[in-house]
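Throughout, a chain's letter reflects where its sequence line sits, starting with A, and its residues are numbered from 1. Below, all heavy atoms of this structure are taken into account, side chains as well, without hydrogens, waters or symmetry copies.
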Amino acid sequence: MKLVTWNVNSLKVRLPQVLQWLEMNPVDVLCIQETKLTDDKFPQAEIEAAGYQVVFTGQKTYNGVAIISRHPIEAVQKNNPLFEDEQQRIIAATIAGMRIICAYVPNGQALDSEKYPYKLSWLAALRDWVKAELEQHPQLALLGDYNIAPDDRDVHDPAAWEGMNLVSPAERAAFQALLDLGLSDSFRQFEQPEKTFSWWDYRQLGFRLNKGVRIDHVLLSKPLADRCTSCVVDRVPRKWEQPSDHAPVIATLD
DNA sequence: ATGGCTTGACATTCAAGA
């Protein structure tokens with residue numbers, strides 16, 4: 001069982017790469033973020049033609065999330081019922097007995113931006129909702145772009161980033177609060193190469209110089225974490241022409 | 001030096017991303 005998260009930064013631009021990647025990597029569940037498409041423009045037929053089911057919720061220009069699955073998709077929930085939000089950032093569904101939550105956490109922009117308190121309250125509401133979901137679905141996976149680098153190991157230059165958006169103590173505490181629900185950062189269940197990241201800036205040769213951050217995560221509840229045999233970042237599509245600035249993160253379960 | 005890419009939109013510059 002392979003569960004994947006990938007921020008595609010516009011599905012309109014990236015659809016050929018998503019289909020190419022799925023052909024090379026026949027996964028069970030692919031959660032994507034930043035589709036940037038209203039639902040009437042979503043390429044459902046193309047994804048179904050590739051042998052997958054898909055559910056999605058989007059809006060114009062910003063945000064938008066989808067779950068692509070090889071298995072039947074049931075009990076779809078769009079957005080957090082505990083948090084009124086016009087921004088389309090969450091879609092959840094039950095697939096193969098697992099509760100799958102695909103989340104695009106607000107970026108926050110900067111600590112003095114009005115988007116930063118929005119990010120923190122959004123994360124607090126996510127925690128409350130995931131807690132309730134866990135009580136109903138012990139087998140739960142929370143995949144997405146968290147816009148949080150949980151640890152200094154997850155930042156190419158921790159000194160330069162200290163106290164900044166993505167690494168601030170309040171954001172890291174919000175991430176820890178999710179782990180405290182009993183979730184496991186599947187990437188850290190295993191020995192990993194140093195300086196493994198999931199996002200690199202388009203500018204200033206960010207990818208070539210590996211100036212990145214690890215902000216895309218697969219969190220697993222205990223029953224799923226116990227079945228997890230690996231979690232890796234696939235850097236291959238980041239090297240393609242006109243890539244997303246994020247790479248897919250793949251968790252494999254027995 | 002807030003620059004440097006990339007995407008999308010009531011575009012022909014601006015907002016937003018991270």
(request) Assess whether side-chain contact (heavy atoms from CB on, under 4.5 Å) is satisfied between A:Asp201 and A:Asp245, documenting all intermediate values. (result) CA-CA 6 Å; A:Asp201 202 311; A:Asp245 41 2; over 6 Å; no

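- Considering only heavy atoms from C-beta on, A:Arg99 stays 4.5 Å or farther from A:Leu134 through its side chain.
- Across the P atoms, B:dA15 and B:dG3 are found 11 Å apart, a figure rounded to whole Å.
- Using C1' as the reference atom, B:dG8 and B:dT12 are 14 Å apart when rounded to the nearest Å.
- Mapping A:Gln87 and A:Arg14 onto DNA chain B by nearest heavy atom places A:Arg14 at the nucleotide closer to the 5' end.
- Looking at A:Glu171, its side chain does come within 3.5 Å of a backbone N or O of A:Leu166 through a donor-acceptor pair.
- In this view, A:Tyr62 satisfies the ring-ring contact (aromatic ring centres under 6.0 Å, His included) rule with no residue, not counting sequence neighbours.
- At least one donor-acceptor pair closer than 3.5 Å links the side chain of A:Asn80 to the backbone N or O of A:Ala125.
- Remark: the separation of the C1' atoms in B:dT2 and B:dC14 is 15 Å, to the nearest Å.
- The same atom, P, is picked in B:dG4 and in B:dT13; the two are 16 Å apart, to the nearest Å.
- A search for side-chain contact (heavy atoms from CB on, under 4.5 Å) contacts involving A:Asp28 returns A:Met1, A:Lys2, A:His71, not counting sequence neighbours.
- Nucleotides B:dA16 and B:dA11 have their C1' atoms positioned 15 Å apart, rounded to a whole Å.
- Evaluation of the ring-ring contact (aromatic ring centres under 6.0 Å, His included) rule for A:Trp21 yields A:Trp6 as partners, not counting sequence neighbours.
- Taking 4.0 Å as the cutoff to heavy atoms of chain A, we find the contact window on DNA chain B bounded by B:dG4 to B:dA18.
- Rounded to whole Å, the P atom of B:dT7 lies 14 Å from the corresponding atom of B:dA18.
- Within residues 141-152 of chain A, the residues having any heavy atom under 4.0 Å from DNA chain B are, by residue number, A:Asp145, A:Asn147.
- Among the protein residues, A:Asn63 comes within range of no part of the nucleic acid, since none of its heavy atoms lies under 4.0 Å from any strand.
- With a 6.0 Å cutoff to the six-membered ring centre and a 45° limit on the axis angle, A:Arg70 counts as a cation-pi contact of A:Tyr52.
- The residue A:Phe197 sits apart from the nucleic acid: no heavy atom pair falls under 4.0 Å.
- When the side-chain hydrogen bond (donor to acceptor under 3.5 Å, both in side chains) test is applied to A:Asp40, the partners found at least two apart in sequence or on another chain are A:Thr38.
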